[in-house]
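Numbers here are sequence positions counted from 1.
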Amino acid sequence: PESTTPSESTAAPESTVAPELKLSPTSNARAAFTETITPFPTAVQTPAWTPPPEVVSEQEAQVLVNSFYRALERKDINTLLSLFDDSVDYHTDGYAGKAAVRDDYSRYIKRWPMVSFNIGEVRIRHSAAPNNAVLVFDIRFAVRDPASNRSKTGRAEEVWVLERIQGIPKITSQRETVHSDPIQRRPNRR
């Protein structure tokens, strides 16, 4: 009868999990180890982050702001309204349509028939919302009603949100904080 050696009869069945690393005293351990490791898959190359396209350029922002205040000085409500979207987050009033914006500016022009504005630097902040940009700037204003001899000067901090709608930047939000100059009293002459 054939004799079997103990190693042949007690050997475990072949495993499909991982090959067993067998080293002989004369084998190269590093080479044997390297052969049994499965390499990691190569990393997928992701494109570098690119900023979203500009909603409005610095030049467009400056032109839009200038157009707005020159139209207000001329009492040109139609040009003013053309710069707004159909629905605007307007001052502290919440969302308003163009009719409400028209009414508000009509009252402003009636109250202050003579207005003048100096516009500071217009800064653009990109919004987290896609297709939006935030304009931040200060204005100096002087308003006057010759009929009542009332006048007022001061500055306002403006924050507008623009959205490019059908290729044209439109005002979708307008906020301002007004700081009036102290009223200077004229001394009474007796």
Side-chain angles (χ1 to χ4, degrees), residues 51-190:
E54 286 184 330
V55 172
V56 63
S57 69
E58 287 181 26
Q59 182 179 1
E60 285 177 307
Q62 195 69 50
V63 166
L64 185 122
V65 171
N66 282 329
S67 296
F68 180 91
Y69 286 102
R70 298 303 78 93
L72 190 52
E73 287 172 343
R74 292 188 316 269
K75 303 172 191 64
D76 182 355
I77 298 276
N78 290 330
T79 297
L80 280 178
L81 290 177
S82 73
L83 301 173
F84 285 94
D85 187 24
D86 292 336
S87 178
V88 182
D89 186 7
Y90 191 66
H91 298 276
T92 58
D93 300 339
Y95 280 88
K98 283 190 176 183
V101 174
R102 174 186 292 280
D103 290 346
D104 189 49
Y105 279 106
S106 294
R107 285 190 302 272
Y108 181 84
I109 288 168
K110 187 174 183 178
R111 182 175 183 194
W112 303 113
M114 298 178 71
V115 296
S116 175
F117 302 95
N118 289 320
I119 304 162
E121 176 189 3
V122 178
R123 297 171 307 279
I124 302 173
R125 295 183 192 156
H126 292 283
S127 171
N131 207 30
N132 283 3
V134 179
L135 303 186
V136 179
F137 59 96
D138 289 340
I139 59 165
R140 291 280 315 154
F141 64 86
V143 294
R144 187 166 175 261
D145 177 12
S148 66
N149 201 24
R150 290 180 305 127
S151 64
K152 187 171 161 181
T153 60
R155 70 179 180 85
E157 299 163 353
E158 300 287 330
V159 179
W160 295 1
V161 176
L162 300 183
E163 183 175 342
R164 193 170 285 279
I165 299 169
Q166 297 178 349
I168 301 169
K170 296 283 187 173
I171 302 167
T172 59
S173 176
Q174 185 182 43
R175 298 266 191 258
E176 69 180 355
T177 305
V178 177
H179 306 277
S180 296
D181 292 336
I183 298 172
Q184 296 179 350
R185 303 272 182 209
R186 294 182 188 170
N188 289 336
R189 296 184 183 186
R190 291 186 188 212

* **Any F68 side-chain heavy atom under 4.5 Å of L80 side chain** => yes
* **Test item: K170 side-chain N/O and S82 main-chain N/O as donor-acceptor pair under 3.5 Å** => yes
* Structure fact -> All heavy atoms of Q62 vs all of G120, minimum pair found to be NE2-O, 4.4 Å
* Asked: How long is the span from the CZ atom in F137 to the CD atom in E121, to the nearest 0.5 Å?
  -> 12.0 Å
* To do: Quick one: sort the Y69 and F117 rings into parallel, tilted or perpendicular, breaks at 30° and 60°.
  => tilted
* Backbone N/O of R164 and side chain of N131: donor-acceptor pair under 3.5 Å -> yes
* Min side-chain heavy-atom separation V143-Y108 under 4.5 Å -> yes
* To do: Quick one: closest heavy-atom pair of P113 and K75, and the distance?
  => O-NZ, 2.7 Å
* To do: Supply the atom-to-atom distance I168 CD1 to D85 CG, rounded to the nearest 0.5 angstrom.
  => 11.0 Å
* Asked: Near R150 CZ, under 6.0 Å, is it more than 12 heavy atoms from other residues, nucleotides or ligands?
  -> yes
* Asked: Given R107 and D103, is the side chain to side chain contact (heavy atoms under 4.5 Å, CB included) satisfied, shown in steps?
  -> CA-CA 6 Å; R107 285 190 302 272; D103 290 346; 3.6 Å; yes
* **Validation row: T177, H179 side chains within 4.5 angstrom (heavy atoms)** => yes
* Indicate the atoms forming the closest heavy-atom contact of S87 with Y95, along with that distance. => OG-CD2, 3.4 Å
* Would you sort out whether V122 and N66 count as a side chain to side chain contact (heavy atoms under 4.5 Å, CB included), showing the intermediate values? => CA-CA 10 Å; V122 178; N66 282 329; over 6 Å; no
* Are side-chain heavy atoms of R111 and D145 found at a separation under 4.5 Å? -> no
* **Sub-4.5 Å side-chain heavy-atom contact between V159 and L135** => no
* To do: Go through the steps for I119 and R70 under the test side chain to side chain contact (heavy atoms under 4.5 Å, CB included), then give the verdict.
  => CA-CA 10 Å; I119 304 162; R70 298 303 78 93; 4.0 Å; yes
* Shortest non-hydrogen separation from I124 to A61 and the atoms involved -> CD1-CB, 4.0 Å
* Nearest-0.5 Å distance that lies between atom CG in D86 and atom CG in L81 -> 10.5 Å
* To do: To the nearest 0.5 Å, tell me how far L162 CG sits from F84 CZ.
  => 10.5 Å
* To do: Just do the side chain to side chain contact (heavy atoms under 4.5 Å, CB included) check on T79 and R74 with the steps written out, would you?
  => CA-CA 10 Å; T79 297; R74 292 188 316 269; 4.3 Å; yes
* Flag for D181-T153: side-chain donor and acceptor within less than 3.5 Å -> yes
* To do: Search all heavy atoms of Y90 against all heavy atoms of A96 and return the closest pair with its distance.
  => CB-CB, 4.1 Å
* Asked: Closest heavy-atom contact between V56 and A133?
  -> CG1-CB, 4.0 Å
* **N78 side chain to R102 side chain, donor-acceptor N/O pair below 3.5 angstrom** => yes
* Give a yes or no on whether the backbone of A142 and the side-chain of S116 come within a donor-acceptor separation of less than 3.5 Å. => no
* Residues, nucleotides or ligands: over 12 heavy atoms within 6.0 Å of E176 CD -> yes
